[in-house]
Each structure stands twice: as structure tokens, then as C-alpha cells.
Amino acid sequence: MTPATSTDSGIAITPASAGWSRLPAEYAIPESAPSLEEAQEYCRRLARTHYENFSVATWFLPRHLRQDFLNVYAYCRISDDLGDEVGDPTAALALLDEWQSQLDACYEGAPRHPVFVALAETVRKFEIPKHEFSDLLIAFRQDQTVTRFETFDNVLAYCRYSANPVGHLVLYLCGYHDAERQQLSDYTCTALQLANFWQDVSVDYGKGRIYLPLEDLRHFSVTEEVIRQNRNTPAFCEMMKVEVARARPWFERGLPLVSKVDRELTVDIELFSRGGQEILNAIERQGFAVLGRRPVISKPRKLALVARAALGKLLGKSV
């Protein structure tokens, strides 16, 4: 049973209720389910207002798939926020349990949250297994209790749940169910996750997490104090050079997927893959000094990536 405390008015406050109060009000699970049309609009609105780059990706999606992509995005977005934006591991775990219950209800035919009302239609059309959604929740639960990783293999194991299911979901929406394409997608998604980790060392440390392998910190004599103080020492930068070099081959391993999917998905894979590689290039351009100086892709480079992808779509080939 979830422990609860009482307010002066006698109303019990559970970790879950405390957690919901720290998130946008529209995230809460309503007493009754909305209509399918209302649920789909909820997902469209969330994508428009929450993440500035998602609208760029939807330029290249086939129109008939856009709503389904938005439904999946809404699930991923809120799942991530439940694990990352509450600021209390106990409350976050309680919220993730309630979210899992709504996922179960989605597959059983009786969800109340608009995301799952919309998602149920997507699941039905594309025959998506439940574990592709619940695997993500494993990573978000792990975030509440595991904040350090001893080896690079431990980091890769985390990516198995935090990143790779997203690629599988995209493949399902595009009609691909086979293990070969899923493996190639895993390479790309893992590469993107690693690029984000190396980009966000200071951001993640501010949340109490270090994704750099502890064995590497010891090997290069880099202490957590160096990270805390944002000291881009020569030893730290040399370590980051090694980590960036480690991430690059994962993008290469995923590239064969481009030739195994249809044109629309090819454009998206190349856009995100090139974007991830540009993050690594940005880290390299600033001498691997990422502490306190989050590397970003410049606006001209972002526009060049989008233009290149758009040209590829118009020409019907990779450019």
C-alpha cells in the first residue's frame, strides 16, 4: 500500500498525488475518459507546446501517420517528465506505477488518460506489443534509484531501455516488425543517447546523475568534484575525446537501416542520425570541454540538416 500523510483538513496526501501536483495540471489522469477526437487533439497540443524540434520532424512524416506519431510522442514525453521533472524519487516511482496501470488499461480496453485513449487506436492498427512501451518505464524507474554506471557496458544496458524502444515504436508505425531492422535501429538510438549523455554532462550532474562510466573517471583521474565545479581539465577533456570516439561507430553500425526502409523513414533516420553526429562534432569543436558549456548545433547547421533532408525527400533519394 502506498504510504500517505494527512493535511490539516484530513485529506490524505499520497506520493502520487504529491507528484502530480508538481507537474502540469493537464498531465493528471481524469476521472472519465475523453472521446477519441479529444484525446487526439490533446496529443497534438502537447507536441506543439512542449518540444520545439518535434514539429520539424513531422514535416517529413507521411500525413496518414502523423497522428499516430503524435500519440506515441505524447506517451514518451509524459513518461519522461514523470521520471525526470518531479524531483522526488518516491513520488516519481508512484507516478510511473500509475502510468503503467494506464498502459495496462490501454491494452485491456479501458484507459482514462487521453494519451492512452489515443494510443489504443494506434496500438490496434499497428499491432504494437506492450513491452515496447513498458520497457521505457523500466529506464525511468531506474533513474530514480541508479545514478552512476560502473562500466560502458552498463551504460549500453541502460540505453537498451531508455532509447532503443523508441526506434522500435517508429518501425512499427512504418510497418516493420522484423528483428534485423530493430537491431539496426538499436545502434542508431544508442548512438543518439550516448551523444546526448556526452552533451549534457553538467545538466545530468545537476539532476544527480553521471552517465560517464566510473571506470573511465578513475582511469583518467577525473573526480566528481571536477564535474561539480565545471572544471574542464586536460584529463577530463582527454576522457571526453575517448567517449566521443566510442559513440561514433554506433552511428555507422546503424546506417544500413537507411537502405532497408521506405523513402519517408529514410529522411527521418538520416535527419536524426546526422543531428546526433553533429552533436559529437560540436563537442569536438569546443575541445571536448563540455562542463558548464553545453555544446549545441548552431542554427545554420540545423537549417542545413533540415534542407538536406528536405532535398532528399524531393529527389527521392539520400543526398
When the ring centroid of [X] is compared with that of [Y], is the distance short of 6.0 Å?
{"X": "F220", "Y": "F236", "result": "no"}
{"X": "F251", "Y": "Y187", "result": "no"}
{"X": "H168", "Y": "Y176", "result": "no"}
{"X": "W99", "Y": "F133", "result": "no"}

Going by atom types only, do [X] and [Y] share a side-chain donor-acceptor pair under 3.5 Å?
{"X": "R294", "Y": "Q199", "answer": "yes"}
{"X": "D143", "Y": "Y158", "answer": "yes"}
{"X": "D204", "Y": "Y211", "answer": "no"}
{"X": "Q100", "Y": "S134", "answer": "no"}
{"X": "T188", "Y": "S185", "answer": "no"}
{"X": "R66", "Y": "N71", "answer": "no"}
{"X": "S101", "Y": "D104", "answer": "no"}

Smallest separation among heavy atoms of R293 and Q286, with atom names: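 The pair with the smallest heavy-atom distance is O-NE2, 2.7 Å.
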Using 0.5 Å steps for rounding, measure from the CZ atom of F197 to the CD atom of E243.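 Reported value, rounded in 0.5 Å steps: 12.0 Å.
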Rounded to the nearest 0.5 Å, what separation is found between the CG atom of L212 and the CH2 atom of W198?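 Interatomic distance, L212 CG to W198 CH2, rounded to 0.5 Å: 5.0 Å.
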May I have the step-by-step check of side chain to side chain contact (heavy atoms under 4.5 Å, CB included) for F140 and L136, ending in yes or no? CA-CA 7 Å; F140 299 138; L136 282 170; 4.1 Å; yes
Do you reckon L280 sits in the same ILVMFWY cluster as L255, going by side-chain contacts under 4.5 Å, direct or chained?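 Not linked; separate clusters.
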Got a sec, which hydrophobics cluster with Y161, joining ILVMFWY side chains under 4.5 Å apart, including via others?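 Listed partners: I138.
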Could you check whether [X] pairs with [Y] (Lys NZ or Arg NE/NH1/NH2 to Asp/Glu carboxylate O, under 4.0 Å)?
{"X": "D186", "Y": "R160", "value": "no"}
{"X": "D216", "Y": "R246", "value": "yes"}
{"X": "K130", "Y": "E108", "value": "no"}
{"X": "R218", "Y": "E150", "value": "yes"}
{"X": "E225", "Y": "R231", "value": "no"}
{"X": "D84", "Y": "R209", "value": "yes"}
{"X": "E41", "Y": "R48", "value": "yes"}

Mind running side chain to side chain contact (heavy atoms under 4.5 Å, CB included) on E278 and R285 for me, showing each step along the way? CA-CA 10 Å; E278 276 298 317; R285 280 193 298 271; 3.9 Å; yes
Kindly indicate whether the side chain of L103, heavy atoms from C-beta on, has any atom under 4.5 Å from the side chain of Y75.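 When only atoms from C-beta onward are counted, Y75 and L103 do touch, with a gap below 4.5 Å.
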Would you indicate whether the side-chain heavy atoms of L291 and V226 approach each other to under 4.5 Å?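 With C-beta onward as the side chain, the pair touches.
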Short side-chain to backbone donor-acceptor contact, D178 and R181, under 3.5 Å: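 Pair found, side chain donor or acceptor close to backbone of R181.
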